[in-house]
Amino acid sequence: MRADVAAGSGAMLCLQGQGAVKGIAIGQAVVMSATALEVAHYRIQPDDVQAECDRLRTALAATSQELQDMVGNLPDDAPRELGALLTVHSMLLDDPTLSEQACELVSQRHYNAEWALTTQGQILGEQFSAMEDEYLRERGGDIRQVIERVLRVLSGSSALLPPLGAIAPELAGADDSLIVVARDISPADMLRLRGGRFGAFLTDLGGATSHTAIVARSMNVPAVVGAGNVRALVRDGDLLIADGATGMVLVNPSCQVLDEYRRRQAAFVAERAELASLRDAPAVTLDGVHIELHANIELPEEAVAALAAGADGIGLFRSEFLFMGRRDPPGEDEQYQAYASVVRTMAGRPVTIRTLDLGSDKNLDGEATVAVNPALGQRAIRYCLANPALFGTQLRALLRAAWHGPVRILIPMVSNMSEVHATREALEVARRELEARGASYGHDIQLGAMVEVPAIAIAIDPFVECLDFLSIGTNDLIQYTLAIDRSDRNVGDLYDPMHPAVLRLIANTINAGERVGKPVAVCGEMAGDANMTRMLLGLGLKEFSMHPQQLLDVKKEIRRAHTHALHVKVASALNRAERIDLAGLAG
Ligand code: PEP
Ligand code: MG
């Protein structure tokens with residue numbers, strides 16, 4: 001989207017993308033050359049099929065090797081995510097779905113290697129784009145990036161982008177006032193750019209969970225992604241303002257606009273500094289209520305960020321991410337290492353590990369769901385109980401990890417007490433197996449359930465009595481309460497966290513925990529939204545779990561809140577099933 005705005009002496013260009021990492025950057029553009037190479041499409045002679053396939057396989061292997069070398073030589077200060085992302089790219093290259101299918105196109109249709117590769121890439125990319133889950137949809141971008149890398153190798157150049165000096169010789173080596181503008185930035189390119197201390201990243205492609213966004217977040221560099229055609233509209237050396245919160249990009253702004261954004265930038269920097277000082281401050285309200293702040297993680301490495309943000313523990317480790325994007329599920333030892341590393345990093349703080357939440361939009365590679373309505377089908381605990389070998393392996397790994405510190409096992413999508421009993425039995429079987437092997441394991445592991453199906457929030461008592469803790473998954477609770485598919489954009493405006501029915505279910509669950517003295521957390525997106533903190537405190541919530549980056553914003557709200565006053569306001573609105581006015585809870 002673009003709009004020309006007349007301002008000052010020249011014309012200021014205003015572009016809108018998606019804000020991916022908060023922060024305001026003001027600086028000169030460094031435009032990276034297009035990574036989509038123009039490739040020749042021609043048919044080869046039948047006699048040349050073998051040689052063309054060899055050329056393709058050699059290029060794939062060389063590119064994969066180049067990526068693996070980069071992983072092996074990662075600098076100590078490189079963001080942790082980069083190693084994992086580069087490995088994913090090299091695995092995509094080694095995947096036969098890419099190489100063998102492309103070679104099929106060479107041998108059957110006599111396409112040249114480049115044509116076969118881009119065709120197969122398009123097929124895979126389309127399969128990813130059709131996926132419901134936003135994270136998986138974004139993975140189509142990874143396919144495109146690795147293919148561009150192989151095309152560079154096939155064309156005789158390096159798999160890497162040209163050095164920065166070749167992009168903008170006069171700007172190379174300058175400081176963090178440079179703003180990188182690109183069609184897309186792959187993890188490998190991010191690694192190369194890392195040394196340049198850039199002020200922001202702007203890309204045509206990508207979404208909030210694209211790799212550019214993930215790595216920029218870990219580098220703490222503002223980013224705007226999915227800006228459409230920013231690379232075509234911006235020239236090297238243009239003065240840019242990028243607002244990573246709103247996704248706004250201003251090209252060659254007027255002096256007045258520049259002054260205004262300098263003021264906002266200074267305010268943002270001051271606010272971050274103030275927030276950083278809260279890291280070790282207690283999360284206690286004005287009336288002395290202590291609140292637990294936990295972190296949500298998807299990969300073991302993220303525990304470091306949780307600790308750095310001052311988290312009291314891990315409130316949700318989405319273990320299914322260890323299983324996705326690979327050919328075979330991880331075995332017991334590999335899972336044990338992953339869980340134990342988080343437990344060790346958290347050094348005595350509780351670590352809540354959710355058992356596999358597969359099914360619906362998160363499937364094992366090559367395992368397509370056949371359910372008519374996958375969100376209501378065999379997902380999460382239903383899937384695990386139907387696959388006892390897979391579940392048993394995970395439970396043994398979890399029990400072994402619990403030997404290193406406090407582990408809480410969290411069961412996703414529970415709707416019936418029979419699932420809780422069956423999980424306890426499976427845990428008992430896993431325990432006996434470890435015992436028989438003489439393996440060390442943790443003895444006082446806690447068992448809890450996600451409250452994300454309305455049925456259990458309504459009939460909560462047996463669950464809260466039988467389990468050690470509960471965690472409310474508001475993302476799914478909203479979806480199932482309001483009958484709104486959380487990944488369907490067409491009904492996105494009806495996905496309403498503030499719906500009185502949703503809030504009553506949350507209140508009912510918190511009150512039930514309070515009655516029997518068992519902890520209840522919220523680990524859905526609501527917990528990390530600082531605008532909702534006061535409302536959740538008003539509902540009586542004492543444990544929040546969120547992305548580590550959101551933790552200090554929420555802590556700031558907690559330290560300014562008075563829970564007693566909030567309880568009164570929230571309860572009176574809920575009793576009348578009225579919408580709660582968030583503005584009315586402020587101050
Ligand atoms: C939820 O449903 O709120 C939740 C935390 O789980 P997920 O987003 O992984 O479904
Ligand atoms: Mg959920």
Side-chain angles (χ1 to χ4, degrees), residues 131-138 207-209 293-299 302 306 311 313-325 351-364 369 373-384 394 408-415 419 448-457 463 469-488 492 495-499 501-503 505-506 509-510 519-529 532 536 539 541 543-551 554:
M131 291 186 179
E132 286 183 13
D133 181 73
E134 191 192 348
Y135 180 85
L136 293 178
R137 262 202 316 274
E138 293 280 0
T209 52
L293 292 181
H294 290 212
N296 292 355
I297 61 169
E298 268 128 40
L299 293 170
E302 292 164 8
I314 299 296
L316 173 65
F317 178 176
R318 292 178 159 104
S319 69
E320 59 276 9
F321 281 82
L322 293 176
F323 289 67
M324 287 165 17
V351 174
T352 314
I353 305 177
R354 180 170 74 184
T355 55
L356 273 171
D357 187 5
L358 284 173
S360 187
D361 52 358
K362 294 182 274 193
N363 293 302
L364 291 180
T369 179
N373 190 339
L376 302 179
Q378 199 177 68
R379 64 172 285 201
I381 189 59
R382 303 170 183 180
Y383 179 93
C384 287
Q394 178 168 48
R408 310 198 298 180
I409 295 182
L410 180 59
I411 325 171
M413 214 196 160
V414 171
S415 59
E419 292 158 337
M450 298 274 296
V451 178
E452 43 192 357
V453 176
I456 96 157
F463 294 92
F469 68 99
L470 297 171
S471 189
I472 308 174
T474 46
N475 306 342
D476 276 315
L477 185 63
I478 298 164
Q479 144 161 289
Y480 294 126
T481 307
L482 303 180
I484 298 300
D485 184 337
R486 65 192 257 197
S487 51
D488 184 345
Y495 185 89
D496 178 12
M498 297 297 293
H499 193 295
V502 172
L503 300 186
L505 293 177
I506 297 175
T509 309
I510 295 172
V520 174
V522 168
C523 64
E525 292 305 303
M526 271 172 98
D529 183 344
M532 305 231 176
L536 290 170
L539 289 171
L541 188 69
E543 192 175 314
F544 294 60
S545 192
M546 67 205 80
H547 189 283
Q549 278 224 333
Q550 299 167 315
L551 214 127
V554 170

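We count ligands from 1, going down the list as the structure has it; atoms in each ligand are counted the same way. Worth knowing before you read on, the calculation uses all heavy atoms, side chains too, and leaves out hydrogens, waters and symmetry mates.
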>> Suppose I only count heavy atoms of Met450 and a 4.0 Å limit; which atoms of ligand 1 are within that range?
In response: 4 (C), 5 (C), 6 (O)
>> At less than 4.0 angstrom from any non-hydrogen atom of Gly473, what atoms of ligand 1 do you find?
In response: 1 (C), 2 (O), 3 (O)
> Counting each atom of ligand 1 from 1 as listed, which ones have a heavy atom of Leu316 under 4.0 Å away?
Replying inline: 5 (C)
>> Side chains of Ser319 and Gln394 only: does a donor on one sit below 3.5 Å from an acceptor on the other?
In response: yes
>> Donor-acceptor pair, distance only, cut-off 3.5 Å: does the side chain of Glu452 make one with the backbone of Met413?
In response: yes
> Can you list the ligand 1 atoms lying under 4.0 Å from a non-hydrogen atom of Glu452?
Replying inline: 1 (C), 2 (O)
>> Using heavy atoms and a 4.0 Å limit, tell me yes or no: is Glu525 in contact with ligand 1?
In response: no
> Within 45° of the six-membered ring axis of Phe469 and under 6.0 Å from that ring's centre, is NZ or CZ of Arg408 located there?
Replying inline: yes
>> If I take atom OG1 from residue Thr355 and atom CG from residue Leu358, how far apart are they, to the nearest 0.5 angstrom?
In response: 9.5 Å
> Would one find an N, O or S atom of Glu452, in either backbone or side chain, under 2.8 Å from the Mg ion (ligand 2)?
Replying inline: yes
>> Run Thr352 and Ile409 through side-chain contact (heavy atoms from CB on, under 4.5 Å) and show every step you take.
In response: CA-CA 6 Å; Thr352 314; Ile409 295 182; over 6 Å; no
>> I'd like to know if the side chain of Gln550 reaches the main chain of Met546, judged simply by a donor and an acceptor atom lying under 3.5 Å from each other, with no hydrogens or angles considered.
In response: no
> Can Asp357 and Arg318 be counted as an ion pair, charged N to O under 4.0 angstrom?
Replying inline: no
> In Asp476, the N, O or S atom nearest to the Mg ion (ligand 2) is which?
Replying inline: OD2
> Judging by distance only, is a nitrogen or oxygen of Glu320 under 3.5 angstrom from one on ligand 1?
Replying inline: no
>> Can you tell me which portion of Met546 lies within the under-4.0 Å heavy-atom range of ligand 1? Options are side chain, backbone, both, or neither.
In response: neither
> Of all the atoms in ligand 1, which lie at a distance below 4.0 Å from a heavy atom belonging to Gly524?
Replying inline: 3 (O), 5 (C)
